[in-house]
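Notes follow the structure.
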Amino acid sequence: MGQTLVYGVLNGALYGIIALGIALVFGVMRYLNLAQGSLIILGAYGILFLFHLGVDPFASMPLIAFLLFLLGGALFWASFSRLIALSEAGRIKNSLLISFGLMLLIDNLATLLWTGDERSITPAYSGLTFGIAGLRFPLIGCVGVLSALVIIVALHLFLARTYFGKSIMAVSQDHEAASLMGVNVNLTCLVSFAISVGLASIPSALIGLKSFSPTVGIQWFNKGVIVVMLSGIGNINGVFPAGLFLGIMEAISVYFFGAPYREVTGLVVFVLVMVLFPKGLFKRQEL
Amino acid sequence: MMLRVEHVDVRYGDLQVLWDVDLEVRQGEIVALVGSNGAGKSTLIRTIAGLVKPSGGTIHYGDALLNDKPPHTIAASGISMVPEGRRLFPKMTVLQNLEMGAFLRKARPQKETTLDWVYEIFPILRKRSHQPAGLLSGGEQQMLAIGRALMGRNDFLLLDELSLGLSPLLVKQIFDVLVTINKAGITLFIVEQNVPMTLKIANRAYILETGRIVGEGVARELMESEHVKAAYLGMA
């Protein structure tokens with residue numbers, strides 16, 4: 001049971017960090033970026049490519065993060081930026097359409113470039129584990145949790161302490177009022193979008209070290225979006241604990257019902273939470 | 001001349017709401033734009049702030065042409081706005097809202113001094129500084145909206161429908177504050193439905209009816225005019 005929980009926490013941290021990118025864009029702009037999963041997989045191919053050149057996957061993560069950041073900025077500039085003037089409902093619907101197309105484009109491009117075969121990044125340390133108190137901890141998973149925590153704390157500090165971060169929060173609450181304060185709303189949205197795509201680089205490495213193929217992005221996106229809903233929409237701070245919650249619930253279900261029921265349990269938990277706590281598990285009282 | 005609006009037309013799609021609007025605001029003045037509901041007052045003030053683009057005419061602030069500038073550039077060039085409905089950041093605390101007001105680069109170094117000044121004008125905001133803005137009363141929210149605009153350290157303030165939804169006592173209190181702010185050297189352009197209150201503190205006023213300026217003059221004299229008395233002051 002203890003060992004099951006370890007895996008639950010490790011998976012949950014991955015869900016949490018996937019959800020963070022989705023939550024940031026949805027919270028600030030009300031864009032639902034369906035292509036986030038595909039961008040994660042695209043990053044994984046980038047890390048794999050560098051790995052074949054002899055670069056360690058964790059070492060290449062910052063470079064991939066930067067490239068994804070630029071790609072995110074370019075995607076926003078080319079397509080998503082036009083939706084800002086729309087109503088909230090219009091932004092959700094149209095961003096779904098654009099990002100769905102983008103997802104098809106990236107998935108097919110990846111198939112074309114790298115075939116549909118399942119890939120995996122396999123550095124020498126990929127199978128290593130260490131033991132504490134009779135439990136086995138996979139090294140890669142633990143590094144993943146640590147990097148997720150570091151990024152979440154860094155993002156929180158950025159949003160809460162810097163002028164630019166505060167302007168992101170202001171735009172998310174009232175973009176017109178923010179513009180009257182002197183905030184360049186278009187630029188703020190572009191940078192938030194680029195950050196969220198850049199954040200995909202962490203799951204890129206973690207998923208890359210498991211296994212991936214061109215079309216699995218949407219499955220990871222699904223996990224992420226479930227975590228965003230569990231956390232409560234607009235609540236970025238609740239995303240990580242919500243990810244852990246989903247990971248642990250899945251792990252417990254594996255322990256009791258066996259692995260085939262893992263996905264089902266995750267979805268049942270999701271539906272139950274939505275019925276019992278429609279505003280999410282960690283949503284603070286709405287003002 | 002601080003603000004000069006010349007021959008401005010505004011349309012929303014096929015619907016024209018402002019026709020050939022001319023007005024000017026000189027440094028240090030309190031100028032009011034009065035008119036009934038739907039006359040286009042808010043549209044005009046939103047056009048000056050850059051939230052609505054004019055389809056014709058020019059808007060100058062000093063020597064700068066504002067027509068095509070986005071709102072954040074207009075804010076940086078010296079015009080702040082207290083929008084209709086306060087438009088606070090509801091999940092931020094009072095203090096965080098005020099800090100957002102000091103977002104402009106030139107306002108940042110003076111943030112602490114300006115904050116003290118705003119707290120001096122509205123002592124209640126100091127008491128509420130760590131409460132979320134969304135939990136304040138209507139009057140407190142309006143004070144915070146004014147305070148937030150003052151934090152930008154701009155010399156020109158656009159005020160849109162401050163009195164909406166406030167008790168007469170609070171309206172009086174807030175209009176007294178406007179006079180204080182004006183004495184500190186800030187030029188005010190006020191859009192209001194509360195005509196008597198506004199004409200009492202304004203130097204000059206314009207009357208907007210169905211999208212056109214139909215009258216202008218010294219505020220005190222306008223109060224005496226038969227048209228204003230009949231249409232806005234309820235004196236037949």
Side-chain angles (χ1 to χ4, degrees), chain A residues 23-24 26-30 77 81-82 84-88 90 156-192 231-239 279-280 282-287, chain B residues 45-46 48-53 69-93 95-109 111 131-136 141 144-145 147-154 157-160:
Chain A
L24 181 64
F26 194 79
V28 175
M29 287 166 268
R30 289 291 183 269
W77 178 78
S81 61
R82 280 146 224 225
I84 288 184
L86 302 179
S87 69
E88 191 171 309
H156 176 76
L157 289 177
F158 169 71
L159 290 175
R161 299 283 165 83
T162 66
Y163 268 104
F164 198 85
K166 286 178 191 168
S167 74
I168 291 180
M169 299 311 286
V171 168
S172 76
Q173 293 180 32
D174 189 330
H175 63 96
E176 195 172 282
S179 75
L180 292 173
M181 304 297 111
V183 175
N184 184 340
V185 173
N186 282 327
L187 181 72
T188 306
C189 288
L190 184 142
V191 174
S192 335
S231 155
I233 284 164
N235 178 13
I236 290 176
N237 290 333
V239 162
K279 290 193 163 180
F282 303 102
K283 185 86 171 173
R284 270 175 286 165
Q285 192 64 44
E286 190 62 66
L287 298 169
Chain B
I45 205 168
R46 288 168 62 83
I48 297 170
L51 297 169
V52 174
K53 295 291 156 214
K69 297 215 171 120
H72 64 96
T73 315
I74 292 177
S77 64
I79 300 180
S80 284
M81 174 161 165
V82 181
E84 184 179 348
R86 306 137 183 45
R87 307 292 292 267
L88 301 168
F89 304 114
K91 291 176 202 168
M92 293 189 189
T93 64
L95 181 62
Q96 286 168 331
N97 267 276
L98 291 170
E99 282 174 344
M100 268 319 291
F103 183 80
L104 289 175
R105 231 157 254 290
K106 64 168 178 185
R108 291 181 196 180
K111 196 171 77 180
Q131 288 186 12
L135 295 181
L136 300 182
Q141 290 196 1
L144 178 54
R148 187 180 62 174
L150 291 175
M151 291 297 291
R153 277 280 161 194
N154 280 335
L157 209 52
L158 302 168
L159 303 144
D160 195 2

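The structure displayed is predicted, hence computed values, not measured ones. Letters A, B, ... mirror the listed sequences (proteins, then strands); counts begin at 1.
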What pairs with Lys106(B) under side chain to side chain contact (heavy atoms under 4.5 Å, CB included), at least two apart in sequence or on another chain? Leu104(B), Asn154(B)
Residues that Arg108(B) engages under side chain to side chain contact (heavy atoms under 4.5 Å, CB included), provided they are two or more places apart: Tyr163(A), Phe103(B), Arg105(B)
Check whether any side-chain heavy atom of Glu176(A) lies under 4.5 Å from a side-chain heavy atom of Leu51(B), and answer yes or no. yes
Tell me, do His72(B) and Leu187(A) make a side-chain contact under 4.5 Å, heavy atoms counted? no
Not counting sequence neighbours, list each pair that qualifies as a salt bridge (Lys or Arg N to Asp or Glu O under 4.0 Å) and has a residue in residues 162-174 of chain A. Lys166(A)-Glu99(B), Asp174(A)-Arg87(B)
Within residues 78-85 of chain B, contacts to chain A at heavy-atom distances under 4.5 Å involve Met81(B), Pro83(B)
Heavy atoms only: give me the nearest Ala75(B)-Ser179(A) pair and the separation to one decimal. CB-O, 4.4 Å
Below 4.5 Å from any heavy atom of chain B, which atoms of Ser172(A) appear? Answer side chain, backbone, both or neither. neither
